[in-house]
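This structure is a prediction, so every number in the text was calculated from the model and none was measured. Numbered from 1 within each chain, the chains take letters A, B, ... in sequence-line order.
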Amino acid sequence: MTDAFLQQRLLDINSDLAERLGIEKTDNPENIVVDFSGPNIAKQMHVGHLRSTIIGDCICRMFEFAGHNVIRQNHIGDWGTQFGRVILGFWHLCMADKHGNPYYLSELEKLKEYAKDKERLEELCCKIRDRHEQDYLADVYEEHGEYGDGKRHFGPFLAKVASEEHDIREKIQPVYQFVSTLEDSVAGMGLSIPTRNSQKEPISIPYESLSRHITAMLQRGGHEDVQEREAWKIAKHDTLEQCQKIYDLLKVTLTEKDVRGESEYKDDLPGIVEDLKKLGLAKESEGATCVFPEGFLGKEGDPLPFIIRKSDGAFLYATTDLAAMKYRIGELKADRIIYVTDARQQLHFKMLFATAKMAGWLDDDIELCHVTFGTMMGTDGRPFKTRSGENVKLADLLTEAVEQAKRVVEEKNAELSDEQKQEIAKAVGIGAVKYADFSNNRTTDYVFSFDKMLAMEGNTAPYMQYAYARVKSIERKAVSKGIDIAAELAGIKKLSITEGAESDLAKHLIRYGEAIRLARADCKPNCLTAYLFDLAQKFSSFYNACPVLIAGEDKRPTRLLLCDLTARTMKHGLNELLGIETVEQM
RNA sequence: GCGCCCGUAGCUCAGUCGGAUAGAGCACUGGUUUCCUAAACCAGGGGUCGCAGGUUCGAAUCCUGCCGGGCGUACCA
């Protein structure tokens, strides 16, 4: 690389008025659908959603910057089995209301406590089941030979809930957990519970499959379930509101308009199954409707099914994903679809892609891409959980990160105002969580540690943010010394790069576009963080070796330019592409 | 059993469509503040790239086998 070339590139970047640091847009803009985040209804976002959410967001930002038309799709889990659990949860809320006792709270604790004590667990489950049966039967009536349930208590309760949604807000999540935990607990105990089938005939089913039974009935499209759907809407709205707060906190570019959940495809599901049957691809097998894509083998070497309808008639995520894919190709005109999920879903997506291909739903030029990532581990080397083995809520994790960052700020910079400290703590804490994730190779598991991610040394958010703050500090000092940076940079025609640190920094600055290209091509944010870390290191060396403001007239403009380009590049990378905040002072 | 991912310095990891003495960070050792933020910088030690073959002028990288770990493998997502 000649000096002339290097200087010309730096001057070109400096004079780029489009704020693109001299990086061109693509000549070939595509419609790129990115499916990411996808939290579940009635469950708070937990650490399991973090990676998909922020990696997916980064991918969107990178393709958008390249000039593509990115269509974000938050494929939330609001149909499927959770649906039945939410309804069952509401039923328990109703019964708790009737008894004047929120039994689900204390019983949830006990179910967890007795998890390893089979005898006591069984005793508790029997007690719960017996009360359930009594409550259910007390709410059933028969008139003129017609069998109905929920007319006395559950129906009116749901009507009340629909009109007083704020009252229910706090209760959905614990009761949902209660239902899930109860289901897990009673599995294999051989308990059964009375309910009805879709012909409104009384039947008895295994207790652990009650929520699935409800799901299946609702998916068959019972018109008498209007109330349940109304209540479910409240739960969904509530969950999304909580999620949006977290997206905003994380600086993730998802909004309500990007939400298109599983339920949006519910009316398409029977058609999907029919179409695949007509094409001769879907067959009945062990009561379920399955596609057997070529090349997928099960344990005994037999063909592996891609199940699109369960034996109880309910649809599942395979069906929904097929419907979503048709929508994205047909309505959104996707040229490329990127799915961002954990690596465990690889087989599902391989079979999904194979099925869509066999069905002829894919033009050859449509690219399907499954971007996977590893599990977040605790420092003990096991998947990151709380001490009691539960998923860590994302809201709690982020709060903790900001608090820990606040402590560091207090320690390092006690003289700042409270407001400044809080702002810095937020940028550093949230930034640290995101940066730690981005800087690790997507495909491998990574160990989550507050201590490491909040360290000032090494490839961390605070180190980057500090480097940025130091550049900004030079600018502030320049103003107080009466140096007009804008004027010096505008009039710059020729650079003077003599020191090794200057040249190292300069050469690195002109390679930003290359780093972005690499990161985007493989959907690997760590390529970008590696570049930015190198940049911060090279700047720090330069900062130490080459004084800027006291440099002679011959050197100062060049050094000011290097500072300015460093700041612009770091800010662009951190803010625009990674969604990590920078602060002017720290 | 089969499939996918991983195995690189004491620790955490980059580098993997072949290219020169294999790179960071942490930790460890020593040094640097009359000068723009020391949350920094500089210097140093430390690696048979899991093992064994093969392809190649050249392999951490590609191929085969093995060992070790993780995940998945019919009605959860």
Side-chain angles (χ1 to χ4, degrees), chain A residues 38 40 48 75 77 79-82 85 180 183 212 215-216 262 285-290 292 295-318 320-321 341-348 350-351 372-375 377 379 381 383 408-409 411-413 424 428 436 439-441 443-447 449 451-452 454-460 462-467 469-478 480-481 483 501 524 526-527 529-530 533-534 536-537 539-551 559-560 563 585-586:
Chain A
N40 287 340
H75 191 73
W79 198 241
T81 308
Q82 313 89 308
R85 288 199 186 134
S180 306
E183 259 176 31
R212 281 196 290 276
T215 303
E262 296 180 329
S285 171
E286 298 177 28
T289 309
C290 315
F292 292 91
F296 294 90
L297 298 180
K299 280 175 188 161
E300 316 296 326
D302 45 340
L304 196 63
F306 189 56
I307 299 175
I308 55 174
R309 188 164 60 198
K310 302 201 284 186
S311 51
D312 64 8
F315 302 104
L316 29 101
Y317 77 140
T320 311
D321 275 344
T341 83
D342 67 279
R344 288 174 304 199
Q345 297 189 40
Q346 227 173 48
L347 184 60
H348 166 74
K350 276 188 182 168
M351 295 182 89
T372 63
F373 49 83
T375 310
M377 310 294 264
T379 36
V408 179
V409 178
E411 185 190 311
K412 299 285 178 189
N413 252 330
I424 295 166
V428 170
S439 59
N440 265 89
N441 185 333
T443 59
T444 50
D445 295 345
Y446 90 98
V447 177
S449 156
D451 288 346
K452 283 198 174 157
L454 286 169
M456 324 307 162
E457 314 85 23
N459 190 4
T460 65
Y463 177 85
M464 309 292 299
Q465 287 162 321
Y466 177 67
R470 291 217 289 186
V471 194
K472 287 307 191 183
S473 177
I474 293 176
E475 287 180 13
R476 279 193 303 277
K477 278 280 168 16
S480 69
K481 290 192 174 189
I483 298 169
K524 286 171 88 170
N526 70 302
C527 294
T529 59
F533 178 56
D534 274 351
Q537 275 189 315
F539 173 76
S540 292
S541 299
F542 161 81
Y543 180 92
N544 225 259
C546 307
V548 178
L549 299 179
I550 58 170
R559 291 186 179 173
L560 281 172
C563 286
Q585 260 187 78
M586 63 186 282

Give A/Gln346 one of three labels, base, sugar-phosphate or nothing, depending on what nucleic acid heavy atoms sit under 4.0 Å from its own. sugar-phosphate

So which nucleotide from B/rC6, B/rC36, B/rA74 ends up closest to the side chain of A/Thr444? B/rC6

B/rA77 base to A/Thr341 side chain: any donor-acceptor pair below 3.5 Å? no

Under 4.0 Å between any heavy atoms, over every strand shown, what does A/Gly298 touch: base, sugar-phosphate, or nothing? Just pick one. base

Those stems involving RNA chain B that have three or more consecutive Watson-Crick or G-U pairs, both distances under 3.5 Å, are B:1-7 with B:67-73, B:10-13 with B:23-26, B:28-32 with B:40-44, B:50-54 with B:62-66

Syn if the chi torsion is within 90° of 0, anti otherwise; quick check, which is B/rU33? syn

Given the C1' atoms of B/rA60 and B/rG44, what is the spacing between them in whole Å? 26 Å

With sugar-phosphate meaning primed atoms plus P, OP1 and OP2, does A/Leu304 contact a base, only sugar-phosphate, or nothing at under 4.0 Å between heavy atoms? sugar-phosphate

Set of residues satisfying side-chain hydrogen bond (donor to acceptor under 3.5 Å, both in side chains) with respect to A/Glu475, sequence neighbours excluded: A/Lys472

In whole Å, what is the span from the CZ atom of A/Arg559 to the P atom of B/rC35? 18 Å

Against the side chain of A/Ser541, the closest entry in B/rC42, B/rG1, B/rC71 is B/rC42

Regarding A/Leu316, tell me which of base, sugar-phosphate or nothing describes its non-hydrogen contacts under 4.0 Å with the strands shown. sugar-phosphate

With heavy atoms under 4.0 Å as the rule, sort A/Ala318 into base, sugar-phosphate or nothing. nothing

Just checking A/Pro462: base, sugar-phosphate only, or nothing, at a heavy-atom cut-off of under 4.0 Å? nothing

Just jot down the side-chain contact (heavy atoms from CB on, under 4.5 Å) partners of A/Asn413, sequence neighbours excluded, or say none. A/Glu415, A/Leu416

So what does A/Lys477 touch, heavy atoms closer than 4.0 Å: a base, only the sugar-phosphate, or nothing? sugar-phosphate

List the residues meeting ring pair (Phe, Tyr, Trp, His ring centres under 6.0 Å) with A/Tyr463, not counting sequence neighbours, and say none if there are none. A/Phe533

Can you list the residues that meet the side-chain contact (heavy atoms from CB on, under 4.5 Å) rule with A/Val548, with sequence neighbours excluded? A/Ile474, A/Phe542, A/Arg559, A/Leu560, A/Cys563

If you check the A/Pro305 side chain, which of B/rA74, B/rC42, B/rC36 turns out closest? B/rA74

Interatomic distance, A/Ile308 CD1 vs B/rA74 C1' [rounded to whole Å]: 13 Å

Between atom CG in A/Leu347 and atom P in B/rC4, what is the gap in whole Å? 11 Å

Considering every strand and a 4.0 Å limit on heavy-atom distances, what is the contact class for A/Cys290: base, sugar-phosphate, or nothing? base

Work out how far the C1' atom of B/rU21 is from that of B/rC42, and round it to whole angstrom. 22 Å

Taking only the P atom of each, what is the distance from B/rC11 to B/rC51 in whole angstrom? 15 Å

Considering every strand and a 4.0 Å limit on heavy-atom distances, what is the contact class for A/Asp445: base, sugar-phosphate, or nothing? sugar-phosphate

B/rU8 versus B/rC62 - spacing of their P atoms, nearest Å: 16 Å

Closest of B/rC36, B/rU73, B/rU12 to the A/Val447 side chain is B/rU12

Sugar-phosphate, base or nothing in reach of A/Ala530, heavy atoms under 4.0 Å: nothing

Distance check needed: B/rC71 C1' versus A/Lys350 NZ, whole Å only. 12 Å

Given side-chain contact (heavy atoms from CB on, under 4.5 Å), test A/Ile424 with A/Gln465 step by step and report yes or no. CA-CA 10 Å; A/Ile424 295 166; A/Gln465 287 162 321; over 6 Å; no

Distance check, P atoms only: B/rU55 and B/rU64, in whole angstrom units. 15 Å

Select from A/Tyr543 and A/Asn40 the residue whose nearest nucleotide in RNA chain B is closer to the 5' end of that strand. A/Tyr543

Between B/rA22 and B/rG50, how many Å separate the two P atoms, rounded to a whole number? 15 Å

Are any non-hydrogen side-chain atoms of A/Tyr317 and A/Gln345 less than 4.5 angstrom apart? yes

Contacts of A/Ser285 meeting side-chain contact (heavy atoms from CB on, under 4.5 Å) (sequence neighbours excluded), chain-then-number -> A/Cys290, A/Phe292

Separation of B/rA40 C1' from A/Arg470 CZ (nearest whole Å): 4 Å

Contacts of A/Arg344 meeting side-chain contact (heavy atoms from CB on, under 4.5 Å) (sequence neighbours excluded), chain-then-number -> A/Asp342

Rounded distance in Å between the P positions of B/rG3 and B/rA40: 48 Å

Whole-Å distance between B/rG72 P and A/Asp342 CG? 9 Å

Using atom C1' in both nucleotides, what's the gap between B/rA74 and B/rG70 to the nearest angstrom? 23 Å

Which letters describe nucleotides 23-32 of chain B, given B = protein heavy atom under 4.0 Å from base, S = only from sugar-phosphate, - = neither? -SSS------

Whole angstroms only, please: what is the CD-P distance between A/Glu411 and B/rA38? 16 Å

Over all strands shown, is A/Lys472 touching base, sugar-phosphate only, or nothing at heavy-atom distances under 4.0 angstrom? nothing

Using the six-membered ring of A/Phe539, assess whether NZ or CZ of A/Arg470 lies under 6.0 Å from its centre and within 45 degrees of the ring axis. no

Between A/His348 and A/Asp321, is any pair of side-chain heavy atoms under 4.5 Å apart? yes

Indicate every side-chain donor-acceptor pair of residues 296-309 of chain A with a distance under 3.5 Å to a residue at least two apart or in another chain.
unit_1   : atom_1 : unit_2   : atom_2 : d
A/Asp302 : OD1    : A/Glu300 : N      : 3.3

Look only at the side chain of A/Ser541 and the backbone of A/Ala501, and say whether a donor-acceptor pair between them is shorter than 3.5 Å. no

Base, sugar-phosphate, or nothing for A/Ser311, non-hydrogen atoms under 4.0 angstrom? base

Residue mapping more 5' on RNA chain B - nearest nucleotide basis, A/Ser439 or A/Gln585: A/Ser439

Given atom CD of A/Gln465 and atom P of B/rA39, what is their separation to the nearest angstrom? 15 Å

With heavy atoms under 4.0 Å as the rule, sort A/Tyr463 into base, sugar-phosphate or nothing. sugar-phosphate

A/Gln82 side chain: which of B/rA39, B/rA40, B/rA77 is closest? B/rA77

Is the shortest side-chain heavy-atom distance between A/Val408 and A/Met586 below 4.5 Å? no

Check: B/rA77 base within 3.5 Å donor-acceptor of A/Tyr317 side chain: yes

